[in-house]
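All chains are named by letter (A, B, ...) in the order of the sequence lines, taking the proteins before the strands, and each is independently numbered beginning at 1.
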There are 2 protein chains.
Amino acid sequence: MSQTVDRALSILPLLAEGPADLGQVAERLDVHKSTALRLLRTLHEHGLVYRQSDQRYRLGARLIALAQEAMENLDIREIAHPHLVRLNEQCGHTVHLAVYEENEVLYIDKVESRYPVRMYSRIGKPVAITVAAVAKLLLADLPEGERRVLADKLEYPMYTARSTPNAPAFVRELEKVREQGWATDLGGHEESINCVAAPIRGADGRVVAAMSVSAPNVVVTADELLTLLPLVRRTADAISGEYSGRTPVTPTNDPA
Amino acid sequence: MSQTVDRALSILPLLAEGPADLGQVAERLDVHKSTALRLLRTLHEHGLVYRQSDQRYRLGARLIALAQEAMENLDIREIAHPHLVRLNEQCGHTVHLAVYEENEVLYIDKVESRYPVRMYSRIGKPVAITVAAVAKLLLADLPEGERRVLADKLEYPMYTARSTPNAPAFVRELEKVREQGWATDLGGHEESINCVAAPIRGADGRVVAAMSVSAPNVVVTADELLTLLPLVRRTADAISGEYSGRTPVTPTNDPA
DNA sequence: ATGAAGGTTGCAGAGATTGCAACAGTCCAG
DNA sequence: CTGGACTGTTGCAATCTCTGCAACCTTCAT
């Protein structure tokens with residue numbers, strides 16, 4: 001809608017790929033160097049890009065700080081966190097919390113497995129939307145029309161032989177998930193990893209987030225993991241209850 | 001430099017404080033509602049802001065994803081991480097990694113204490129620049145002029161009785177840190193927490209990052225913590241060595 | 001049903017943004 | 001040491017974008 005801002009913002013994902021110099025930015029934006037320079041300067045003033053010693057630009061620290069604040073403002077995260085920790089203490093596996101937003105599903109919290117794991121913190125990373133158990137739950141709650149349209153738009157990468165292969169299969173899977181009220185991912189993303197997930201609902205019953213427990217099948221078989229389902233669902237329900245009963249904005253001001 | 005972009009970007013920190021509706025944004029920006037609307041729309045198209053169900057705007061998921069990529073592009077982080085983990089295994093305390101950028105010091109990695117701790121992940125949060133041990137190291141490496149100017153510009157909040165009280169004291173402290181090559185924070189930020197920190201240097205000898213070990217004095221006294229200093233310094237030096245000897249851009253392409 | 005409040009759109013004027021061209025600084029080769 | 005190529009930077013005039021206005025629409029509460 002606003003050309004100038006549009007161009008400026010296009011620089012960010014570009015720099016996310018890696019540092020770039022003025023010429024490269026100008027070329028990718030298809031604008032004159034001087035234009036690119038002025039846009040970069042404005043971004044720089046706001047701390048969103050940083051000019052490293054070799055004069056190339058990369059994303060700046062303020063961006064990271066902003067994102068941090070953005071996450072802390074998600075009250076679902078704050079409410080859910082202690083529950084996730086408790087669940088992790090009970091079962092020992094990795095616990096994830098995810099939300100859906102604009103065609104993306106994003107992990108917004110994670111408690112690491114207590115087994116030796118090297119999985120890097122993927123908080124903030126978009127998840128594999130066609131296979132992840134949490135993604136299925138979040139998408140299954142969309143209105144049918146939207147669900148169908150979205151399913152058609154998606155790519156269906158075959159991470160493994162058990163990945164959701166195409167749109168019709170995905171629509172069917174979502175239908176099933178919607179009815180049963182929980183979801184799994186049995187080796188659909190990484191061959192040896194299984195997940196069980198349950199939805200977290202707001203006061204109006206709509207799914208606002210989803211949580212999952214993941215474990216490699218060298219630790220527990222898929223069947224064993226499924227025995228945790230009641231526990232996962234109870235946890236999710238507890239979070240739902242707490243989330244529904246609260247004012248969404250005020251943090252800890254007026255309890256009266 | 002660019003008015004439109006400037007205004008648009010000003011919306012981001014504003015929304016970081018919490019969700020706001022169109023009117024509030026327009027007022028804070030001091031522009032007409034329609035102008036604010038169009039800016040927000042552009043931000044929305046890029047996924048940087050999200051319109052929640054009550055029509056208010058908040059920061060969007062793409063911002064979080066971008067920040068995530070930004071952090072993963074910091075190669076110092078990638079190199080340092082395994083060292084931080086190892087240090088944590090050896091001493092059991094919380095380990096931080098921080099960088100300086102444009103008048104801010106930012107934690108970019110953290111390994112949690114193995115003692116029961118509830119400190120929330122502060123990665124991405126700007127640190128208390130006048131007291132944190134890592135901040136002292138990073139600022140101490142600036143050219144003297146810059147150091148002085150910066151010290152004058154800073155605020156000196158008295159988090160505790162031991163916080164750095166004012167600019168002259170800070171300049172003196174930086175001088176000391178610069179000479180000795182390491183830094184501490186003994187209850188300057190939180191009464192009961194002590195830190196020891198060491199610098200990580202690039203090939204040219206300049207400080208590119210700093211790392212610290214923190215522990216509450218209910219677990220170890222400040223003196224005991226100081227006995228870890230050689231270990232911390234060795235770790236920092238190991239990271240420095242690895243960082244200096246590597247091509248800064250290429251991840252794992254041509255080892256030949 | 002009626003009014004108020006907040007959000008949205010078309011339009012014309014105003015002013016910011018753009019690309020150009022000339023300039024400055026840096027690095028390398030001869 | 002000198003010349004040239006390259007990248008980044010600035011002043012300027014034309015233009016095109018953005019702005020604010022006013023009218024319109026939608027939603028909610030009275």
Side-chain angles (χ1 to χ4, degrees), chain A residues 1-12 14-15 17-60 101-102 143 145-146 202-204 206 247-249, chain B residues 1-12 14-15 17-60 101-102 143 145-146 202-204 206 247-249:
Chain A
M1 279 263 112
S2 167
Q3 189 188 70
T4 315
V5 178
D6 186 48
R7 284 173 172 171
L9 297 182
S10 302
I11 294 176
L12 298 178
L14 192 159
L15 291 185
E17 297 169 17
D21 65 26
L22 179 60
Q24 295 169 323
V25 172
E27 193 181 3
R28 296 267 312 251
L29 284 189
D30 201 31
V31 296
H32 196 270
K33 277 187 308 180
S34 56
T35 304
L37 176 69
R38 287 181 277 240
L39 295 176
L40 281 165
R41 272 224 263 259
T42 310
L43 289 168
H44 180 103
E45 274 175 24
H46 286 258
L48 298 184
V49 310
Y50 177 69
R51 194 144 198 205
Q52 42 189 32
S53 43
D54 61 354
Q55 291 225 113
R56 291 188 308 166
Y57 295 90
R58 63 167 171 73
L59 295 179
E101 189 177 310
E102 314 264 349
E146 221 173 302
D204 55 0
R206 298 223 34 192
T247 49
V249 192
Chain B
M1 281 263 112
S2 166
Q3 189 188 69
T4 316
V5 178
D6 187 47
R7 285 173 171 172
L9 297 183
S10 302
I11 293 176
L12 298 178
L14 191 159
L15 291 184
E17 297 169 17
D21 64 27
L22 180 61
Q24 294 170 323
V25 172
E27 193 181 4
R28 295 270 309 254
L29 283 189
D30 201 32
V31 297
H32 196 271
K33 277 188 306 181
S34 56
T35 304
L37 176 70
R38 287 180 277 238
L39 295 176
L40 281 165
R41 271 224 262 261
T42 310
L43 289 168
H44 180 102
E45 274 175 25
H46 286 258
L48 297 184
V49 310
Y50 176 71
R51 193 143 199 207
Q52 39 188 35
S53 43
D54 61 356
Q55 292 224 117
R56 291 189 308 167
Y57 295 89
R58 63 168 171 72
L59 295 179
E101 190 176 310
E102 313 266 347
E146 222 173 303
D204 54 1
R206 299 225 33 193
T247 48
V249 193

Which atom pairs link the protein and nucleotides 3-7 of chain C when you take only N or O atoms and keep those under 3.5 Å?
residue	atom	partner	partner atom	Å
C:dG7	OP1	B:L22	N	3.4
C:dG7	OP2	B:G23	N	3.3
C:dG7	N7	B:K33	NZ	3.2

Tell me the bend of the helix from C:dA1-D:dT30 to C:dG30-D:dC1 as the angle between end helix axes, each from five pairs, rounded to the nearest 10 degrees.
40°
Between atom CZ of B:R56 and atom CG of B:L15, what is the distance when rounded to the nearest 0.5 Å?
10.5 Å
Spacing of B:S2 atom OG and B:L9 atom CG [to the nearest 0.5 Å]:
8.5 Å
Where at least one partner belongs to residues 17-27 of chain A, residue pairs that pass side-chain hydrogen bond (donor to acceptor under 3.5 Å, both in side chains), sequence neighbours excluded
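Those involving residues 17-27 of chain A are A:E17-A:R28.
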Would you list the protein and nucleotides 16-20 of chain C atom pairs, both N or O, that sit under 3.5 Å from each other?
residue	atom	partner	partner atom	Å
C:dT17	OP1	B:S2	OG	2.9
C:dT17	OP1	B:Q3	N	2.7
C:dT17	OP1	B:T4	N	2.9
C:dT17	OP1	B:T4	OG1	3.2
C:dT17	OP2	B:Q3	N	3.2
C:dT18	OP1	A:R7	NH1	3.3
C:dG19	OP2	A:H32	N	3.3
C:dG19	OP2	A:T35	OG1	2.5
C:dG19	N7	A:S34	OG	3.2
C:dG19	N7	A:R38	NH2	3.1
C:dG19	O6	A:R38	NH2	3.1
C:dC20	N4	A:S34	OG	3.3

Could you check A:V31 against A:V25 for side-chain contact (heavy atoms from CB on, under 4.5 Å), going step by step and ending with a plain yes or no?
CA-CA 9 Å; A:V31 296; A:V25 172; over 6 Å; no
Please check if the number of heavy atoms outside B:D30 that lie under 6.0 Å from its CG is greater than 12.
no
More than 12 heavy atoms of other residues, nucleotides or ligands under 6.0 Å from CG of B:D204: is that the case?
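More than 12 heavy atoms, drawn from other residues, nucleotides or ligands, come within 6.0 Å of this atom.
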Interatomic distance, B:L29 CG vs D:dT19 P [rounded to whole Å]
10 Å
side-chain hydrogen bond (donor to acceptor under 3.5 Å, both in side chains) partners of B:R206, counting only residues at least two apart:
B:D141
Can B:R38 and B:T42 be said to form a side chain to side chain donor-acceptor pair (under 3.5 Å), step by step?
CA-CA 6 Å; B:R38 287 180 277 238; B:T42 310; over 6 Å; no
Any donor-acceptor N/O pair, B:H46 side chain to B:L48 backbone, under 3.5 Å
no
If you restrict it to nitrogen or oxygen atoms, what contacts under 3.5 Å exist between nucleotides 25-30 of chain D and the protein, and what is each distance?
none

Is there a side-chain contact (heavy atoms from CB on, under 4.5 Å) between A:M1 and B:H44? Walk through the geometry before answering.
CA-CA 10 Å; A:M1 279 263 112; B:H44 180 102; over 6 Å; no
A:R41 and A:L37, any side-chain heavy atoms less than 4.5 Å apart:
yes
Closest contact, heavy atoms only, B:L43 versus B:A8:
CD1-O, 3.6 Å
